[in-house]
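Here the structure is laid out as C-alpha cells; the discussion comes afterwards.
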4 protein chains.
Amino acid sequence: MEREHNLIPEDTLWKRFLYRVINRSDTRLGKLFDIVLLILILVSTLIIMMESVPWLDKKFHITFLVLEWVISLLFTIEYTMRIAVVKNKRQYIFSFFGIIDFLSLVPFYLSLFFPVTKYFLIFRMLRMLRIFRIFNLMDFMNDGYLIVKALKNSSRKIYIFLLFLIIFSVIVGSMMFMVEGGRPGFESIPQSIYWAVVTVTTVGYGDVSPITPLGKFFAVILMLAGYSIIAVPTGIVTAEMRNKRQNLEKICDRCGNEDIDDDARYCKQCGKKLA
Amino acid sequence: MEREHNLIPEDTLWKRFLYRVINRSDTRLGKLFDIVLLILILVSTLIIMMESVPWLDKKFHITFLVLEWVISLLFTIEYTMRIAVVKNKRQYIFSFFGIIDFLSLVPFYLSLFFPVTKYFLIFRMLRMLRIFRIFNLMDFMNDGYLIVKALKNSSRKIYIFLLFLIIFSVIVGSMMFMVEGGRPGFESIPQSIYWAVVTVTTVGYGDVSPITPLGKFFAVILMLAGYSIIAVPTGIVTAEMRNKRQNLEKICDRCGNEDIDDDARYCKQCGKKLA
Amino acid sequence: MEREHNLIPEDTLWKRFLYRVINRSDTRLGKLFDIVLLILILVSTLIIMMESVPWLDKKFHITFLVLEWVISLLFTIEYTMRIAVVKNKRQYIFSFFGIIDFLSLVPFYLSLFFPVTKYFLIFRMLRMLRIFRIFNLMDFMNDGYLIVKALKNSSRKIYIFLLFLIIFSVIVGSMMFMVEGGRPGFESIPQSIYWAVVTVTTVGYGDVSPITPLGKFFAVILMLAGYSIIAVPTGIVTAEMRNKRQNLEKICDRCGNEDIDDDARYCKQCGKKLA
Amino acid sequence: MEREHNLIPEDTLWKRFLYRVINRSDTRLGKLFDIVLLILILVSTLIIMMESVPWLDKKFHITFLVLEWVISLLFTIEYTMRIAVVKNKRQYIFSFFGIIDFLSLVPFYLSLFFPVTKYFLIFRMLRMLRIFRIFNLMDFMNDGYLIVKALKNSSRKIYIFLLFLIIFSVIVGSMMFMVEGGRPGFESIPQSIYWAVVTVTTVGYGDVSPITPLGKFFAVILMLAGYSIIAVPTGIVTAEMRNKRQNLEKICDRCGNEDIDDDARYCKQCGKKLA
C-alpha cells in the first residue's frame, strides 16, 4: 500500500484532473472510472476461467479472443494514462501495483508473437489483485488494514509455529514411513510427510490413509495432536486482534486511562472531554 | 427482528385477545399456541424430508398428502388470523416473517393447479425459519441476538476476509491448473478453484487431490497457509464477542448511548457520570 | 459431581476407615485403591475392545472370559462395599456415578442368563466414565471443572448456534437436493442434509461430493460460509473462558477496581492490600 | 531449553574462543558456524528424504552415500568439539540437545557394522530438532518461547480435554460399532474408535464413513458435537496467550514478581508502586 508522495502532478490542469479521476474516488467521474475498471477486471478474470473449460472455449473461442483484445487494449490505455499522469514515473512503475499492472499486460503482448502457453495464465490472473486498489480507494479497506496489521504483528509467532509444524510433520511422516512404509501412499518419506500435513491440518483428503492397525493408532494420536495444535495460530491472531481494537495512541490527559475506544469522546474513567 | 410499533390492535376486545395469544407467550393459551405451532412446523418439515425418500414416499404417499393438506390449511388459517388481528396489515405482510409465512404457503396452493416440481421444496422448507419467531417470543433469543450482533459488527471485516480468501483461492487454483492441468479434477480453472477452496477450508473431500509430486508440494503449502488463515475469522468474531459481553442493560440517561463498557464510570459519548 | 452431604458414615470405625479408603485419596491405602481401580477399568475396557476384533476373540476367547469374570466380580465387591459404607444408601445409588456403577455391572449378570448381544457393549463401556471419579479424587479436576463451567455458562449460546446450524444445514441440504437431486449421495433430502453437515463442519469425508458444476458452485459457497461460521462457537467459548479466569467476586474496597487476578494480594490500580 | 551454568570453560584461550563460536552467534565466525550448521542439517534431512524415494535412490545412490559420509563426519567433529569445549561435559552429554546430537550420529556408525534398516531413519531425522538450537542462538525464539510457555501453562487443561475427547471417542465408537457393526470400516470397536476420532477432529479421510441411515444420523450428531468441541482447546490456549501478552520486561523491584499486567500501577504481590 504505497504512499502517494511525489506522485501528484502539478504541471497542467488536465493532468491534475485525470490524476484525480484515476487515483481518487471523490468525484463522480472518479467513481465511474473505478466501477468500470472493477467490471473490466471481473469480466477479464471470468474469460480466463471460461477459456480453460474445453467445451466453452470451443464454442465461444472467437468471442473470448475479441473480448480479451478489447479489454487488454483498454488496460493498456489505462496503464499509459497512469504513467503519463504521475509526476514521479519511476516510483509508480516499480511500486507494487505498478508491477502488477505491467505483469498482467505482458502475457497478452507476448501472445502476439509467441504461441500461447498455459503459463501465461497465472500472470493474467494477477489482475485480480488490482481489485484491492479499487477497494482501497473506496475507503473500504480500513478494516482490512486492521486484519493485515494484526497478521503482520503476529507474523513472527506464526512463522515459528509453521516452522514447528513443518518439523513436526517431517518427523511424524518419517515415523509413519517406518510403520506403513511401502504401502500405497507411503512409498517414500516425502509421500508420508504429505500424508502427515494432510492429517495434522485436518484437511483429510483420504487419498492416503493408514492401513495397518499400528498406522491407524499413530494416525489417531496425530489427529488428536493436530486438533489441539490448531488452537495455537488462532490464539496468536486473536490475542493480536484484541490488541489492535484499541487506539493505542489515545490516552486521557487527566487520569492517564489508556483504555479508550475509537469512538469515545469522553474518558470513561474520569469523564474528561478527549481531544 | 421487527419492532411491533403500530401492529397492536386497539379496536375490539377479541382482536386484542387473539393478538396476545398469537404474538405473545405470556398467557397459557399463548404458550399452547406456540407449542402447537412448533410441533406443526417440525411435522411439516419432517414430511417434506420423508416425501423425498423414494421408498417412504411410495409406502406413505396418501398419508403424507393428507397431512400436508391438513397442516397447510391450519397454516392458512393462522396466516389469515395474523392479518386480521394486526392493526397495520401492510407492515406485517411485508415484514420478514410476513413474507416467510406467505412464501411457505404459496407452493401448496400452486400445486393444486400446476404439477408439483421439486423446486417448490425450498419454499416449503422456509417454514423452518418460523421456528426463530417462536423462540423469539419464548425469550430464548437474547443470547442469539448477541451472536447476531457480534457477527453484524464484524461483518465488514469478514467480507474483506472472504474477498481475500476468494481471490487467494482463484490465484492458487490457477497456479494448480498450470501444475496439474488436465489431470482428473484439474480439467479447468473453475475445477482447480473448487479444489483450492475444498483444501483451504480444510474440508478435503478427496474427490480431487493432487497427483504429481509438484502438485502435492503446492498442496502442502496451501494447507499450511489455510491452517494459519483459519485463525483470522475466529480472531475477528472472538474479539467482537468479547466486546459484546458488555452490560446490555446499561444506557446513558442523557444521550441514550448503549455502548457502555462494564468498567465505565462516565459515558464516553457525552461525558455524563453513570449511575 | 455430586456433593458428599449425608454420605459420610458415622457408626463404626471400620466403616469410616473403608469409606475413607474408597472415597478419598489422602491415605496410602486410598491411593493404592484408586490406582488398582484405574488399572481394572482400563484392562476391562481393553478386553471389551479386543473381544470385538474377530481374530483376537478367536485366539484368546477363554482368557477374555476369565478376565471378564474376575474383573466383574471385583467390581461387584466394590459396588457392594460402596453401598455398605455410605450412610445414605439411596443417595449414592441414584447419584450419577451410582447409576454408572450399576449399569456397567448389569450386562455381565444378564449375560449369565441371556445370550450375549452386542447391545450389552455400550453399557459395559460406561465403565470408562468412572475414570473421572478417580481423577476427581486425585485433585486433578480443578482445571477440568473450569472448562465444564465455561461450557455450561455458554451452553445457551451454543444451543442457539447449533439450532441455527441445523436449520441452515436443512435448508442448504434441500437446495442441494434440488440441484444435484437423484445423483449418488443426493438421493433424498435427508441424504443431502447429511452432505451439508459433513461439508459445513469441514469434516468432508468425500463419500458424497457435488458432481455438477452448479453443485460445486453451491458447495464452494457453503464451505466458505462454514469456514466463517466455525469462528462462532470458538468465540463464544473463548469469551466465556476469559471471563472465568478472573475471580468475579473480588473487588478493591478503595478504588473499586474489579480486574483482580486470582493470585493478587494487592490491588494493581491503587496498591491497597486485598482481603 | 537448558541454562548454561557450569558449561562455560575457563581454562585456555582457544577453548573459550571455540566455545563462543559454537554456542554463541555474537561473532562473525559464530554466525558463519550457525549458518553452515543449518545448511548441513537441511541437506542431511533432504538426503534422507530423497534416499527413501526408490527411483532417486537408484540414480544417485553413490552421491547420497558420499554426502552422508561427509556430513556424518562433520557432525562427529562438531560433537567432539562441543564435548571438548564445555567445562561440565556430563551436563552437556545428558542435556536435551546433547542426547539429540548423540542419537542422530549413532545410526550412521551402527550402519557400518549392521545392515541398514529403515528403523535407523527416525533417529537420523532427529537432527531436524537441532534447528531449534540454532534459532535459539539467533535470538529468534523469544516469540516461540511465549507460545511454549502458554502451551505449558494450559497443558493441564489440554490433558483433561484430551482425556475427555478420548473417552468420548471410545464411547461413540462403541455405539457406532453397535449400529454399523460388521460393515466395512466398522469391523471391530478399535476400528470404530478410529472412525470416531477421524470424524470428531474434522479430519474426515472418508476411508471409513457411515453407510446406514441410522449410522449417518449418529455421524451428523457427532460432527456437530465435534464442531462445537473444537472451540475448547482454542479457548484454553487463547485465554492463556492473552495472559502471556503481559510485558515480560516489567518486574517488581521489591519482590521480584514477574507476572505484571500492562495496566498495573502497583505490584499485585507486594503492593509496591511500579515505576
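Per chain, numbering begins at 1; letters A, B, ... match sequence-line order.
Contacts of residues 210-217 of chain C with chain B at a heavy-atom distance below 4.5 Å involve C/Pro210, C/Lys216, listed in sequence order.
In this structure, the side chains of C/Val220 and B/Val198 stay at 4.5 Å or more apart for every pair of heavy atoms. Residues B/Val237 and C/Thr234 form no side-chain contact, since every pair of their non-hydrogen atoms from C-beta on lies 4.5 Å or further apart. Taking 4.5 Å as the limit, some side-chain heavy atom of B/Met49 sits within range of a side-chain heavy atom of C/Val170. Residues C/Tyr227 and B/Ile229 are in side-chain contact: their nearest non-hydrogen atoms beyond the backbone lie under 4.5 Å apart. Considering only heavy atoms from C-beta on, B/Val53 comes within 4.5 Å of C/Pro190 through its side chain. Contact check for C/Met223 versus B/Tyr205: side-chain heavy atoms found under the 4.5 Å cut-off. In this structure, C/Leu163 and B/Phe132 have side chains that are in contact, with non-hydrogen atoms separated by less than 4.5 Å. You'll find the side chain of B/Met125 stays beyond 4.5 Å of the side chain of C/Phe177, heavy atoms only.
Residue contact with chain C, scored on non-hydrogen atoms closer than 4.5 Å, involves the side chain of B/Ile166 exclusively. Of the atoms belonging to B/Gln191, it is side-chain heavy atoms, and not backbone ones, that fall under 4.5 Å from chain C. Residue contact with chain C, scored on non-hydrogen atoms closer than 4.5 Å, involves the side chain of B/Leu165 exclusively. Heavy atoms closer than 4.5 Å to chain C are found nowhere in B/Leu56, neither backbone nor side chain. Proximity to chain C is limited to the backbone of B/Val200, based on heavy atoms less than 4.5 angstrom apart. When heavy atoms are compared at a cutoff of 4.5 Å, C/Val232 approaches chain B by way of both its backbone and its side chain.
Taken from OG1 in C/Thr202 to CD1 in B/Ile230, the straight-line distance is 6.0 Å, to the nearest 0.5 Å. Taking OH of B/Tyr159 as the start and OG of C/Ser228 as the end, the distance is 10.0 Å to the nearest 0.5 Å. For the atom pair C/Ile167 CD1 and B/Leu126 CG, the distance stands at 11.5 Å (nearest 0.5 Å).
With chain B as the partner, the residue from C/Thr199, C/Val208, C/Val203 showing the most heavy-atom pairs under 4.5 Å is C/Thr199. In terms of non-hydrogen atom pairs under 4.5 Å with chain C, the most contact-rich of B/Ile193, B/Ile158, B/Thr201, B/Val197 is B/Thr201.
Annotation: B/Phe168, atom CZ; neighbour count of heavy atoms from other residues, nucleotides and ligands within 6.0 Å is above 12.
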